[in-house]
Amino acid sequence: MKKKLLAIVFILLVAFVQAENGYDLWLRYPTIKNKMLLASYRLALQQISLQGNSATIQIAKEELLKASQNMLGQTPSFNTTNSNYGSLVIGKIGASITAGPLSKNDIKDIGEEGFSIITSMVNGKAQIIITGNTDVGVLYGVFHLLRLMQTQNDLYKLHIISKPKLKLRLLDHWDNLNRTVERGYAGSSIWDWHKLPGYINQRYIDYARANASIGINGTVLNNVNANSTILTAPYLLKVKALADVFRPYGIKVYLTARFSSPIEIGGLKTADPLNEEVRLWWKEKAKEIYAIIPDFGGFVVKANSEGQPGPQEYKRTHADGADMLADAVAPYDGIVIWRAFVYAAQNPIDRHKQAYEDFVPLDGKFKSNVMVQVKNGAIDFMPREPFHPLFGAMPKTPLMMEFQITQEYTGQSTSLVYLAPLYKEVLNSDTYSSGKGSTVAKVIDGSLGNHILNGMAGVANIGSDINWCGHPFAQANWYAYGRLCWDYTLTSNTIADEWLRMTFTNEEKFIATTKNMMLVSREILVDYMNPLGLHHIMGTGHHYGPAPWINDQSRPEWNPVYYHKADSAGIGFDRSVTGSNAIAQYFPAAQRQWADVGTCDEKYLLWFHHVPWIYTMKSGRTLWDELCFKYYTGAADVKKMQQDWDAMESFIDKERFRQVSQLLSIQYEEAVWWRNACLLYFTTVSKMPIPAQYQQPDKTLDYYKGLHFPFAPGNNN
Ligand code: GCV
């Protein structure tokens with residue numbers, strides 16, 4: 001009886017331990033089942049020589065220990081004195097670790113964060129050495145080795161030399177101090193400001209670990225729609241507590257600075273950036289911050305945009321504002337990241353053009369420790385946008401890329417949408433700013449303008465949901481963003497492959513099917529949401545679901561009708577020379593791909609042109625029929641994703657299988673909703689019916705117009 005009970009307890013325990021709630025992300029370290037691999041990995045991690053005793057090296061040790069125990073069922077013997085001893089040697093290049101086969105140039109070239117992983121034969125035995133110029137570089141190397149093991153690679157002939165292509169690899173949290181998250185779809189903010197600094201939630205440590213595993217090296221803790229309270233003394237102590245947790249993982253903290261802080265928390269009458277008292281206030285604030293957080297990264301600022309205060313209120317420029325803050329943080333090597341996401345209600349010109357008009361004249365006017373952060377497209381993180389015309393247009397200023405990882409406009413947390421193809425499409429776009437091949441990637445990595453400062457920021461999709469990101473597949477976007485910051489030449493395919501193997505299983509059938517689902521998912525979303533260059537026709541405010549009919553918002557560009565401009569003649573925003581001429585902001589060779597309606601890449605057709613409903617598309621269909629085709633194909637493709645996923649049940653845990661199944665059902669309903677609502681509405685303008693071959697909508701336009709979502713997530717700031 002007792003034995004039986006024990007057996008039941010054991011089974012329950014195993015089941016509990018094996019339950020997959022997604023918390024472990026891509027760092028699950030499941031047991032290696034392949035016997036040959038298991039034997040070789042066991043040998044490789046049998047005796048580990050650790051050089052150095054910093055907190056970072058301790059983290060590397062713990063990671064190796066955890067991975068060995070979980071994947072290999074083995075506890076390695078750790079040695080800290082003799083670097084020649086050991087099947088695996090890790091530590092900084094120095095007295096006890098020679099660089100081995102690395103040349104002096106290699107060592108210099110890998111810089112402060114790069115690493116090498118090299119297998120050589122020592123006394124007839126294979127030895128892997130992971131080294132770098134800093135302990136953080138070594139930690140990145142350890143995570144890389146563990147990635148190779150999780151994805152079942154051979155370790156016998158490693159010769160890896162790797163360094164990040166970008167210097168700043170940041171996550172931007174749009175987290176408010178009351179723990180709501182603007183555009184957050186994964187629960188409340190993970191920062192429990194109320195309990196900080198005394199209470200260090202284990203999540204903070206696990207967050208840092210996950211980020212370090214993909215090379216993220218900075219985090220902006222609070223919303224760009226900023227609250228000055230974050231800069232008050234009690235909150236700075238809370239920030240310090242987080243900075244202390246993140247430091248050994250190579251992660252710096254940054255804060256958003258509300259431009260009017262000198263008034264709100266400093267008691268001054270103005271925030272004019274040329275006012276001496278204001279300048280002094282910021283200098284003192286910087287001094288206070290750096291006294292407690294010596295490696296504080298710097299400030300991120302959203303100014304004169306969507307109601308945020310800024311220098312233009314004092315008839316000063318963005319450069320005046322940014323430079324004032326830059327002076328304040330310069331003595332401490334801090335930087336200022338000034339956002340170019342600006343558009344004003346009073347400005348009647350095409351919203352697409354406003355940032356360019358404000359910022360291009362300021363090129364060359366920013367201090368050397370200022371970066372201008374530019375969203376990937378000129379409107380706002382749409383499912384598809386042409387790249388932002390500012391890329392390439394400000395050669396004297398280091399431009400930082402801003403991508404959205406959280407899925408504000410790409411299905412929020414109910415849709416499986418893998419964003420690496422979107423990121424890659426933008427990074428690979430040619431700006432032609434210095435001739436052919438002047439890609440956006442080369443603008444932001446600083447190589448075109450010769451800038452030392454360079455980087456990317458991704459608006460985080462992390463919240464306090466048990467699986468961090470809401471949708472199990474949304475984790476892939478966090479992962480992909482980090483991997484692309486490290487090396488933007490990695491393919492979407494490679495990244496999806498790595499992520500799937502680490503997050504779910506190495507079973508080839510599962511990998512083949514789900515990888516394909518991931519790779520097509522963004523295009524499917526574009527088809528059923530915003531095909532052929534349509535954009536910003538989401539429900540106003542919460543941006544959940546379609547609402548192309550909305551035309552009653554106070555600001556013109558808050559109305560979907562502003563963007564699609566459908567009328568009896570046709571549909572689309574004419575940004576060509578006959579319209580707003582936003583296209584002129586691009587370099588001539590870039591313009592050429594979109595300028596003419598006849599040769600414009602159809603992906604961007606309605607972005608740049610107002611096109612007659614009966615216009616003949618490349619497929620031979622009329623524009624109206626093509627629109628219907630796209631919407632119907634998109635929705636049908638979601639059904640196909642559902643079927644593909646259903647066949648995956650036997651490969652993975654029940655919990656995550658069920659979650660994705662349910663979410664795909666919701667996504668299918670949403671796709672049908674998008675299709676029906678948009679086409680029913682456009683029918684009223686085009687006066688053309690949905691072709692009879694398609695299943696007709698079973699609900700009326702009024703039904704769709706009547707849907708309201710007062711509590712849709714992410715819409716609270
Ligand atoms: C943080 C969009 C979003 C806003 C966001 C803004 C920005 O407009 O809807 O929630 O505000 O972009 O990037 O500043």
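Note that ligands are numbered from 1 as they come in the structure, with each ligand's atoms numbered from 1 the same way. Computed from a predicted structure; not experimentally measured.
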Give yes or no for whether the N/O distance cutoff of 3.5 Å, strictly under, is met between [X] and ligand 1.
X	value
K302	yes
W174	no
N223	no
E306	yes

With atoms numbered from 1 as shown, which atoms in ligand 1 lie under 4.0 angstrom from a non-hydrogen atom of [X]?
X	result
Y409	9 (O)
E408	3 (C), 9 (O)
K375	2 (C), 6 (C), 7 (C), 12 (O), 13 (O)
E182	1 (C), 4 (C), 5 (C), 10 (O), 11 (O)
F341	6 (C), 7 (C), 8 (O), 12 (O), 13 (O), 14 (O)
R183	3 (C), 4 (C), 9 (O), 10 (O)
V224	1 (C), 14 (O)

Legend entry - Salt bridge E408-R183, side-chain N to carboxylate O under 4.0 Å: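 Here E408 pairs with R183 in a salt bridge, since their nearest N and O are under 4.0 Å apart.
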Inset, instruction - May I ask you to decide whether E425 forms a salt bridge with R522, counting only side-chain N to carboxylate O separations under 4.0 Å? - result: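 Yes.
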Inset, instruction - Run the contact test for V459 against ligand 1 with a 4.0 Å cut-off on heavy atoms, strictly below, and give the result. - result: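 Judged by the 4.0 Å heavy-atom criterion, V459 does not count as contacting ligand 1.
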Inset, instruction - For the residue pair T414 and E670, confirm or rule out a side-chain donor-acceptor distance under 3.5 Å. - result: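 The answer is yes; a qualifying pair exists.
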Inset, instruction - Check the side chains of N176 and N223 for a donor-acceptor pair under 3.5 angstrom, ignoring hydrogens and angles. - result: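 N176 and N223 do have a side-chain donor-acceptor pair below 3.5 Å.
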Compute the ring centroids of [X] and [Y], then answer whether they are less than 6.0 Å apart.
X	Y	value
H388	F359	no
Y586	F387	yes
H543	H536	yes

Inset, instruction - Measure up the W594 and Y604 rings against each other and bin them: parallel (under 30°), tilted (30 to 60°), perpendicular (over 60°). - result: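 Perpendicular: the ring planes of W594 and Y604 meet at over 60°.
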Inset, instruction - For ligand 1, indicate whether the residue D380 contacts it via side chain, backbone, both or neither (heavy-atom separation under 4.0 Å). - result: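 Under 4.0 Å from ligand 1, D380 contributes side-chain atoms alone.
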Legend entry - Within 45° cone of F573 ring axis and under 6.0 Å: R575 NZ or CZ: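 Because its charged atom sits under 6.0 Å from the ring centre and within 45° of the axis, R575 does stack over F573.
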